[in-house]
K.L.:
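Sending over a structure as structure tokens; questions will come in a sec.
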Amino acid sequence: MSSTQCTDLGRALCIITGASRGFGRTIAREMSGLVKPGSALVLTARSGDDLRSLEAELAESEAGRAGLVVECVVADLGQMEGLGSVVRASKEAFSEDIDHVILVNNAASLGDVSRDAKSFTDMAEVDSYLSLNVSSSLCLTASILQAFPQLPGLRRSVINITSLCALQPFRSWVLYCTGKAAREMMFRVLAEEEPDLRVLSYSPDKCLYCPVQPVLTIGHCIVPGPLDTDMQKVARSRTADPSIRKSFSDMFAQGQLLTCEASCAKLMKLLLEDSYTSGAHVDVYDL
Amino acid sequence: MSDINSTKPRTLGRGICIITGASKGFGRALAHKVSHSLEPRSVLLLVARSGTLLQEMKEELQSFTEEQQLGVHCIAVDLSMKEGVDEIVRVARKEAVNEIEHVLLINNAASLGDISKFGSFTDPNEVNSYLSLNVSSPLALTAGILQVFPYRTGLRWSVVNLSSTFALQAVPSWVLYCTAKAARKMMFTVLSNEEQHIKVLSYSPGPMDTEMQKDILRLTGVNNHPLPCQESVGKLMKLLLDNDFSSGAHIDFFDV
């Protein structure tokens, strides 16, 4: 394993789902600054407006002005046409110079965290949740790997944006925990099957709720709070468990949520160092 | 070592026992065994797709169940359909009028799915359909039955999730099965954390001489040296009768 850190991700094709907001949007911004000229980003989400504003922002950035290609695909990844459109856009954005294909499976939903497992009597609701959070990432990953098979000189990295909820159960979070646990296993199987593929399950935050204890890492002081996104906003207003809800609200009120930028910096560091064990679960606080 | 304080064999009480995937393999063997541990005026709900096989089972059990005053309902439905789950809940609801002491729900029905390389799963319909049967259905069924029999004092509630070592171990070419088993394990653990009055057990039955195992051999060439499923059923019964497992635990055949 190399101990020298790369300063860039290569001439890369980066495909990012759920890129319109939150962590996905930050990943798009950060990655755009770490890829070499001749790279391309394929950004997908269901919301066209948010994607287009991101596209415009990236076009104006240093990378954009240096020629970074940005393709936005408005798609529902739970449908074959949606998947197809992302794969097509990726193939079009690909060029012979590309030496790294990076797929970031970031798109996800929280599910209704105000209800206990015993309330999920409607199969359609559960099916719909699993379709977005599990099936679509399996099928997109499979399709991208088919479209960009293993070739000499081509690195391929697959990232699964995960959570502590993949490993630990939380009351009233049955859908989210189940989906994350499913995805984590899914990507572990992929890592077992494809030793040449780099597979990372990255958890952008760690504690659902915990006492405040700042963690020092590379000069940054990262407070162990949840990630500051729209998803967290929903979580802190809707979680059924009153102590978890209070904990979230307190952390928000005290400015203790972790910024997407701080967490994304850690993800970029992991990708640049490229020394993580394929299939492993790594979170923002792991040193 | 005999318990000198016990004067009668342990039982599961007067219960309603629902077993999915009851027409073959482990589910069928379990139905036979469970019926011997249920007290008079208990009810057995046997669920599978095949009405014929279920009817055959009902007949096999007939003389015993009549003698022991056990009601047996055969519910021939497809668990991947909402209507299938709803039908089971409907039948269970009719039984709710009777005083029962124990609700025992065995989520056993499952499918292998296509055992293929990850890269082959490009069709969301295939994956959705698989997850619907193997993940959504047991959640919706468990929730539905919980609604029919809410906890009250004196009511024992046991939920079993038929699990696998593949819930813990990532096995190449088994992405669908591993993913669903891992999902179910988490799902039932969350349930156990939420419901203090329910005992939830994820039971990994070990390799058994069932049609599923024959399919595995045919599809993968792997011989898992299966054991008779009665042995595994026996261990599950012991866990349920001893009833001292921690709720939410994942217990393997080889650990009992």
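Numbered from 1 within each chain, the chains take letters A, B, ... in sequence-line order.
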K.L.:
Going by residue number, which parts of residues 212-226 of chain B are within reach of chain A, meaning a heavy-atom gap below 4.5 Å?
P.N.:
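Result: none.
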
K.L.:
Select one option (side chain, backbone, both, neither) describing which atoms of B:Phe166 are under 4.5 Å from chain A's heavy atoms.
P.N.:
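Contact with chain A: backbone only.
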
K.L.:
Relative to chain A, which segment of B:Ala167 carries a heavy atom at a distance below 4.5 Å: side chain, backbone, both, or neither?
P.N.:
backbone

K.L.:
Got A:Asp283 and A:Leu164 here, is their nearest side-chain heavy-atom distance under 4.5 Å?
P.N.:
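No. Closest side-chain heavy atoms not under 4.5 Å.
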
K.L.:
Pick from A:Ser135, A:Ala181, A:Ala191: which one has the most heavy-atom pairs with chain B under 4.5 Å?
P.N.:
A:Ser135

K.L.:
May I ask you to name which of A:Val134, A:Val87, A:Val174 has the most heavy-atom pairs under 4.5 Å with chain B?
P.N.:
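Result: the option with the highest number of such pairs is A:Val174.
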
K.L.:
Are any non-hydrogen side-chain atoms of A:Phe187 and A:Val189 less than 4.5 angstrom apart?
P.N.:
no

K.L.:
Quick one: what part of A:Ala124 sits under 4.5 Å from any heavy atom of chain B, side chain, backbone, both or neither?
P.N.:
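Neither part.
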
K.L.:
Examine whether an atom of A:Leu83 lies under 4.5 Å from a heavy atom of chain B, and if so say whether it belongs to the side chain, the backbone or both; otherwise answer neither.
P.N.:
side chain

K.L.:
Top residue by heavy-atom pair count (under 4.5 Å) with chain B, among A:Ala240, A:Ser143, A:Cys139?
P.N.:
A:Cys139

K.L.:
When only heavy atoms count and the cut-off is under 4.5 Å, which of residues 101-121 of chain B reach chain A?
P.N.:
B:Ser116, B:Lys117, B:Phe118, B:Gly119, B:Ser120, B:Phe121

K.L.:
Charged N to carboxylate O under 4.0 angstrom, A:Asp112 versus A:Arg238?
P.N.:
yes

K.L.:
May I ask you to establish whether A:Arg115 and A:Phe120 are in a cation-pi arrangement, using a distance under 6.0 Å from NZ or CZ to the six-membered ring centre and at most 45° from the ring axis?
P.N.:
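Judged by the rule (NZ or CZ under 6.0 Å from the ring centre, within 45° of its axis), A:Arg115 counts as positioned above A:Phe120.
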
K.L.:
Is any residue of residues 197-205 of chain B within less than 4.5 Å of chain A by heavy atoms, and which ones?
P.N.:
none

K.L.:
Do A:Asn160 and A:Ser201 get their side chains close enough for a donor-acceptor pair, meaning under 3.5 Å?
P.N.:
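A pair is found: one side chain offers a donor N or O, the other an acceptor, under 3.5 Å apart.
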
K.L.:
May I ask you to say whether A:Asp241 pairs ionically with A:Arg171, meaning some side-chain N is under 4.0 Å from a carboxylate O?
P.N.:
yes

K.L.:
Could you tell me whether A:Asp99 and A:Arg155 make a salt bridge, using a distance below 4.0 angstrom between a side-chain N and a carboxylate O?
P.N.:
no

K.L.:
Does any heavy atom of chain B fall under 4.5 Å from the side chain of A:Ser136, the backbone, both, or neither of them?
P.N.:
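It is neither, since no heavy atom gets under 4.5 Å.
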
K.L.:
Do the side chains of B:Arg90 and B:Asp86 get close enough for a salt bridge, i.e. N-O under 4.0 angstrom?
P.N.:
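The answer is no: the pair does not qualify as a salt bridge.
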
K.L.:
Does any heavy atom of chain A fall under 4.5 Å from the side chain of B:Glu194, the backbone, both, or neither of them?
P.N.:
both

K.L.:
Report which part of B:Val85 has an atom under 4.5 Å of a heavy atom belonging to chain A: side chain, backbone, both, or neither.
P.N.:
side chain

K.L.:
Just checking heavy atoms, which of residues 131-141 of chain B are less than 4.5 Å from chain A?
P.N.:
B:Leu131, B:Ser132, B:Val135, B:Ser136, B:Ser137, B:Leu139, B:Ala140

K.L.:
Quick one: what part of A:Glu125 sits under 4.5 Å from any heavy atom of chain B, side chain, backbone, both or neither?
P.N.:
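Neither part, no heavy atoms under 4.5 Å.
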
K.L.:
Who among A:Asp127, A:Leu77, A:Leu145, A:Asp122 has the most heavy-atom pairs with chain B under 4.5 Å?
P.N.:
A:Asp127

K.L.:
At a 4.5 Å cut-off on heavy atoms, which part of A:Gln168 comes close to chain B: side chain, backbone, both, or neither?
P.N.:
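Contact with chain B: backbone only.
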
K.L.:
Within the structure provided, determine whether A:Glu184 and A:Lys180 are in side-chain contact (heavy-atom separation under 4.5 Å).
P.N.:
no

K.L.:
Going through the checks in order, is the side-chain contact (heavy atoms from CB on, under 4.5 Å) test met by A:Val42 and A:Ile16?
P.N.:
CA-CA 6 Å; A:Val42 172; A:Ile16 303 165; over 6 Å; no

K.L.:
Enter the distance from A:Met80:CE to A:Ser85:OG here, rounded to the nearest 0.5 Å.
P.N.:
11.0 Å

K.L.:
Given a strict heavy-atom distance threshold of 4.5 Å, which part of A:Glu192 is in contact with chain B: side chain, backbone, both, or neither?
P.N.:
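Interface part for A:Glu192: both.
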
K.L.:
What part of B:Ser192 lies closer than 4.5 angstrom to a heavy atom of chain A: side chain, backbone, both or neither?
P.N.:
neither

K.L.:
Measuring heavy-atom distances to chain B, does A:Leu175 have an atom under 4.5 Å in its side chain, in its backbone, in both, or in neither?
P.N.:
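Only the side chain of A:Leu175 comes within 4.5 Å of chain B.
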
K.L.:
Check each atom of B:Glu126 against the heavy atoms of chain A and say whether the ones under 4.5 Å are side chain, backbone, both or neither.
P.N.:
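Answer is neither: B:Glu126 stays 4.5 Å or more from chain A.
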
K.L.:
Test side-chain contact (heavy atoms from CB on, under 4.5 Å) on B:Ile16 and B:Glu95; report intermediate values, then the result.
P.N.:
CA-CA 8 Å; B:Ile16 177 167; B:Glu95 295 299 327; 3.9 Å; yes

K.L.:
Surrounding CZ of B:Arg156 (heavy atoms of other residues, nucleotides or ligands, distance under 6.0 Å), is the total greater than 12?
P.N.:
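Result for CZ/B:Arg156: enclosed.
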
K.L.:
Does this structure show an ion pair linking B:Arg49 with B:Asp78, if we count only N-O contacts that are shorter than 4.0 Å?
P.N.:
no

K.L.:
Please answer whether the main-chain N or O of B:Leu168 pairs with a side-chain N or O of A:Arg188 as donor and acceptor at a distance below 3.5 Å.
P.N.:
yes

